[in-house]
Amino acid sequence: MTALLEVAGITAFYGTSQALFGVDLAVGEGEVVALMGRNGMGKTTTIRTICRMMPHREGRIAFAGRDLARLPSHRAAWLGLGLVPEGRRCFPTLTVRENLIAAARPGHWSVDRVVGLFPQLAERRNQKANTLSGGEQQMLAIGRALMTNPRLLILDEATEGLGPLIRREIWSVIAALKEAGLSILVVDKSLKELTAVAERCVILEKGTTCWSGASADLTPALTDRYLGV
């Protein structure tokens, strides 16, 4: 499988405090990869460095064969990185439609296709984002990322804080996007749902990749060792 995203040995710092000590991961064309680990192990920092929201000091990040080291975040987005950030971060005073078109780029995904994927958003097209429920805001955040027509969709905490029905809907959408051939890197705490949709898993511990492999090879002993409370 051709690697769309390659991350090799990256280190990163917040000021003088080192957060990443050597992270390795790859996402192939049309592949879904789960990025896993306990809280504070470097998952969000890894995503921030991939999306060029913070620099890395050592190692290499390449996307579609291009080195991202010196690119600002908006240039990385133009290459095809679509981020659904932790906490959703919708534009609160803009309507659903305005949020969707704010960063839209030409391609398969349009407002009509997004609201077809999330029918609840069709009913709230002219409603401000800060009046939506948490689940609706997450749908909007995913839809906004899809409107950039990305080659790689990155979801940080895909279903955090959502009710069971909304969680099931989000996982169903992720499965549908996978079926459509979109490459996806996803972070979440729902082990069962993650391993059901992801072909491979990468586990971080204390800012380094401690295990990677096929989802089928993620044994109870491994999950207890690296993901258990």
Side-chain angles (χ1 to χ4, degrees), residues 1-7 25-36 47 50-51 62-66 76-86 88-90 96-97 99-125 135-160 162 164-188 190-202 212 214-216 218:
M1 181 178 292
T2 303
L4 178 62
L5 173 71
E6 295 180 278
V7 176
L25 67 87
V27 181
E29 292 275 9
E31 185 182 33
V32 178
V33 174
L35 182 60
M36 308 167 80
I47 287 173
I50 291 169
C51 294
F63 180 71
R66 179 151 181 194
W78 289 347
L79 290 178
L81 289 171
L83 174 63
V84 181
E86 184 180 17
R88 297 151 199 149
R89 301 185 190 177
C90 301
V96 166
R97 184 179 185 280
N99 266 274
L100 291 175
I101 66 174
R105 298 178 65 205
H108 172 80
W109 288 101
S110 62
V111 172
D112 288 342
R113 281 201 165 101
V114 167
V115 298
L117 192 66
F118 295 116
Q120 294 95 318
L121 297 183
E123 303 168 8
R124 292 160 175 73
R125 193 181 299 225
E136 291 164 346
Q137 288 184 24
Q138 185 68 346
M139 294 175 190
L140 180 55
I142 294 172
R144 182 181 59 188
L146 290 173
M147 286 288 290
T148 69
N149 280 284
R151 294 184 64 183
L152 173 65
L153 182 65
I154 303 175
L155 300 107
D156 192 2
E157 298 293 355
T159 65
E160 183 178 33
L162 303 181
L165 291 177
I166 296 295
R167 290 167 66 89
R168 281 200 293 272
E169 183 168 356
I170 296 295
W171 286 115
S172 177
V173 164
I174 292 172
L177 294 173
K178 172 187 176 180
E179 186 68 23
L182 184 61
S183 301
I184 301 172
L185 178 64
V186 56
V187 172
D188 201 80
S190 302
L191 182 61
K192 180 181 177 182
E193 288 81 1
L194 274 177
T195 53
V197 75
E199 289 97 341
R200 291 191 303 108
C201 302
V202 176
S212 64
S215 298
L218 190 59

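This structure is a prediction, so every number in the text was calculated from the model and none was measured.
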Q: Begin from the C-alpha positions of Val115 and Arg125 and carry the test side-chain contact (heavy atoms from CB on, under 4.5 Å) through to its verdict.
A: CA-CA 8 Å; Val115 298; Arg125 193 181 299 225; 3.5 Å; yes
Q | Sidechain-backbone polar pair: Glu31 side chain, Gly28 backbone, donor-acceptor under 3.5 Å | A | yes
Q: Specify the closest pair of heavy atoms between Ile154 and Cys51, including all atoms of both residues, with the distance to one decimal.
A: CD1-SG, 3.8 Å
Q) Do Thr159 and Gln138 have side-chain heavy atoms sitting under 4.5 Å apart? A) no
Q: Show the numbers, then the answer: is there a side-chain contact (heavy atoms from CB on, under 4.5 Å) between Val202 and Met36?
A: CA-CA 6 Å; Val202 176; Met36 308 167 80; over 6 Å; no
Q | side chain to side chain donor-acceptor pair (under 3.5 Å) between Asp188 and Ser190, worked out | A | CA-CA 6 Å; Asp188 201 80; Ser190 302; 2.9 Å; yes
Q) At what distance, to the nearest 0.5 angstrom, does CD of Gln120 lie from CD1 of Ile166? A) 5.5 Å
**Q.** Note: Glu29-Arg151 ion pair, threshold 4.0 Å (strictly below)
**A.** yes
(Q) For the backbone of His108 and the side chain of Arg113, can you confirm whether one donor and one acceptor N or O come within less than 3.5 Å of each other? (A) yes
Q) Is the closest side-chain heavy-atom distance between Ile142 and Phe118 below 4.5 Å? A) yes
Q.
Taking Arg168's backbone N and O only, do any of them form a donor-acceptor pair with Ser172's side chain (distance below 3.5 Å, no angle check)?
A. no
Q | Side chain proximity check, Ile47 to Leu83, heavy atoms < 4.5 angstrom | A | yes
Q: Return the minimal non-hydrogen interatomic distance between Val84 and Ala145, and the atom names on each side.
A: CG2-CB, 3.7 Å
Q | Close side-chain approach of Glu169 and Leu162, heavy atoms under 4.5 Å | A | no
Q: Check side chain to side chain contact (heavy atoms under 4.5 Å, CB included) between Glu86 and all other residues, then give those that pass, not counting sequence neighbours.
A: Thr44, Asp156, Glu157, Glu160
Q | Between CG on residue Leu194 and CH2 on residue Trp171, distance to nearest 0.5 Å | A | 4.0 Å
Q. If only atom types and distance count, is the side chain of Lys178 paired as donor or acceptor with the main-chain N or O of Val197 below 3.5 Å?
A. yes
Q | Distance in Å, Ile50 CD1 paired with Leu152 CG, rounded so as to fall on 0.5 Å steps | A | 8.0 Å
Q) Which atoms form the tightest heavy-atom contact between Ala198 and Ser215, and what is the distance? A) O-OG, 2.5 Å
Q.
For a side-chain contact (heavy atoms from CB on, under 4.5 Å) check, start with the C-alpha distance between Val33 and Cys201, then their side-chain angles and the critical distance, and finish with the verdict.
A. CA-CA 6 Å; Val33 174; Cys201 302; over 6 Å; no
Q: Show your reasoning for whether side-chain contact (heavy atoms from CB on, under 4.5 Å) applies to Leu117 and Trp109.
A: CA-CA 10 Å; Leu117 192 66; Trp109 288 101; 3.9 Å; yes
Q. Between atom CG of Leu185 and atom CZ of Arg200, what is the distance when rounded to the nearest 0.5 Å?
A. 9.5 Å
Q: Identify the two heavy atoms, one from Ser183 and one from Leu4, that lie closest to each other, and give their separation to 0.1 Å.
A: OG-CD2, 3.6 Å
Q) Do you know the tightest heavy-atom contact between Ile184 and Val27? A) O-CG1, 4.1 Å
Q.
If I compare all heavy atoms of Met139 with all of Ile170, which pair ends up nearest, and what's the gap?
A. CG-CD1, 4.1 Å
Q: Find the distance between CD (Glu136) and CD (Glu123) and round it off to the nearest 0.5 Å.
A: 8.5 Å
Q. How many angstroms lie between atom CG of Leu100 and atom CG of Leu146, to the nearest 0.5 angstrom?
A. 9.5 Å
